[in-house]
Amino acid sequence: MSMPETPLAALEETEGWIETAEGRLFAKIWTPDAPEARHAAPIMLFHDSLGCVDLWRGFPRRLAAATVRRVLAYDRLGFGRSDPHPGRLEFDFIRLEAERIVPLLCERLGTADFVACGHSVGGGMAVETAARFQTECRALVTIAAQAFVEDKTLAGIRDAQRDFQDPANLAKLARYHGDKARWVVDSWINKWLAPEFADWTLDKPAAAVRCPVLAIHGEWDEYGSHEHPRRIAAGRGTAHILPETGHVPHREREALLTEVIGDFLKEKLSEAGPVRAEG
């Protein structure tokens, strides 16, 4: 007989818009009802290639309650409730997200220090963020992130490409992205399958990361082998494999994922000052 879950702590949820040169971004912040939450480095969430704020489901709320930290999630331009993207994604879109958007997120949060946490391609954005903001980024967490273009990743994308030929599957995605759903799918598939993208890796930005690193990966991840978390964490932190978990741990194993991240932050972070990676 399973025990009932402990009720989540009281949280304040606020949402609004972040202005950029190309359009507005929708953002949402979960703030625990505790004084220490205002002083702890908040967590920035970077969503995956098909994701948005709403597709994080209950994870941001649970994460905020468990860590007693503010959590911010936002829809990238062209996704969710944010404005449509004016054109095609640049080939260095992962790096550019850190360069262009993270300063705006810090402004919205009213803080310089933060924890970068991203899922799938959002994990790559979190790595780029930690590399670019070495002093401000207090810890890095990646969830099912890709560190390079692997055959297994491309095979998974080609399977998804076939699935999205079914209008019913695109309609499901349109519940979250509206008329932008086709652009979201095409941007993901066309970018990763393009020959020009074949040599992309996170090796250079990962080498520049100076904060503690936790690279989480599902045992059964259909979009990448365990080499991805090992490469992200190598010499910088820990690769953690979640048992019996696929590519979307925040939906498949929400409670376990939250526990793993919470334990990592509790161990590695002191709000009195920066904590650097070992070794």
Side-chain angles (χ1 to χ4, degrees), residues 1-18 25-34 36-38 40-76 79-82 105 108-109 114-123 125-126 139-145 172-178 181 184 214-223 240-266:
M1 180 177 179
S2 61
M3 298 295 292
E5 291 189 9
T6 302
L8 297 181
L11 295 171
E12 177 188 8
E13 297 184 13
T14 57
E15 56 185 55
W17 303 93
I18 298 172
L25 307 180
F26 173 75
K28 190 168 184 177
I29 300 174
W30 292 259
T31 303
D33 185 16
E36 57 266 38
R38 291 291 180 181
I43 301 170
M44 291 181 185
L45 294 181
F46 299 85
H47 65 72
D48 64 292
S49 292
L50 300 181
C52 62
V53 170
D54 290 340
L55 280 170
W56 284 110
R57 308 285 173 84
F59 176 64
R61 165 177 279 274
R62 181 182 288 272
L63 186 62
T67 61
V68 198
R69 296 172 185 271
R70 288 179 292 160
V71 172
L72 176 146
Y74 75 104
D75 294 339
R76 295 200 299 275
F79 296 79
R81 286 181 262 181
S82 290
L105 302 181
R108 164 66 67 173
L109 287 164
F114 56 84
V115 173
C117 178
H119 171 238
S120 195
V121 77
M125 293 171 181
L140 166 65
V141 179
T142 65
I143 305 167
K172 292 177 183 177
L173 200 64
R175 297 173 189 170
Y176 300 96
H177 301 291
V184 168
L214 174 64
I216 300 170
H217 208 76
E219 178 185 8
W220 298 337
D221 193 312
E222 59 271 36
Y223 287 100
H240 187 102
I241 306 301
L242 295 179
E244 301 180 1
T245 306
H247 186 63
V248 194
H250 58 275
R251 292 207 293 269
E252 301 170 46
R253 305 293 295 275
E254 181 186 282
L256 176 59
L257 177 64
T258 303
E259 180 182 359
V260 170
I261 295 173
D263 288 347
F264 166 73
L265 295 180
K266 185 177 181 180

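Computed from a predicted model, the values in this text were never measured in an experiment.
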Does the side chain of [Y] come within less than 4.5 Å of [X]'s, by heavy atoms?
X    : Y    : value
L50  : V184 : yes
K28  : W30  : yes
L214 : H240 : yes
C52  : L55  : yes
I216 : I261 : yes
R70  : R38  : yes
L45  : L63  : yes
F26  : W17  : yes

Which value, rounded to the nearest 0.5 Å, describes the distance between [X] atom [atom1] and [Y] atom [atom2]?
X    : Y    : atom1 : atom2 : value
C117 : L257 : SG    : CG    : 7.0 Å
I143 : S120 : CD1   : OG    : 10.5 Å
L256 : E254 : CG    : CD    : 11.0 Å
E222 : H247 : CD    : NE2   : 6.5 Å
L72  : L105 : CG    : CG    : 5.5 Å
I29  : Y74  : CD1   : OH    : 13.0 Å

Worksheet item: Taking the six-membered ring of F59 as reference, does the NZ or CZ atom of R62 fall below 6.0 Å from its centre and within a 45° cone about the axis?
Response: no
Give a yes or no answer on whether the side chain of [X] reaches the backbone of [Y] with a donor-acceptor pair at less than 3.5 Å.
X    : Y    : value
H47  : G51  : yes
E259 : A255 : no
D75  : V53  : yes

Practice prompt. Measure up the H250 and H119 rings against each other and bin them: parallel (under 30°), tilted (30 to 60°), perpendicular (over 60°).
Written response: perpendicular
Could you report the tightest heavy-atom contact between [X] and [Y], atom names first, then the distance?
X    : Y    : result
F46  : G122 : CB-O, 3.4 Å
I241 : G218 : CG2-C, 4.3 Å
S82  : L25  : OG-CA, 3.1 Å
A34  : V68  : CB-CG1, 3.8 Å
A145 : G123 : CB-CA, 3.8 Å
T142 : A215 : OG1-CA, 3.3 Å

Worksheet item: Are any of the side-chain nitrogens in R175 or D54 under 4.0 Å away from the carboxylate oxygens of its partner?
Response: no
Discussion item. For E13, is there an ion pair with R61 - N to carboxylate O distance below 4.0 angstrom?
Written reply: yes
Item to complete: Determine, stepwise, if the pair R81 / E15 fulfils side-chain contact (heavy atoms from CB on, under 4.5 Å).
Response: CA-CA 11 Å; R81 286 181 262 181; E15 56 185 55; 3.8 Å; yes
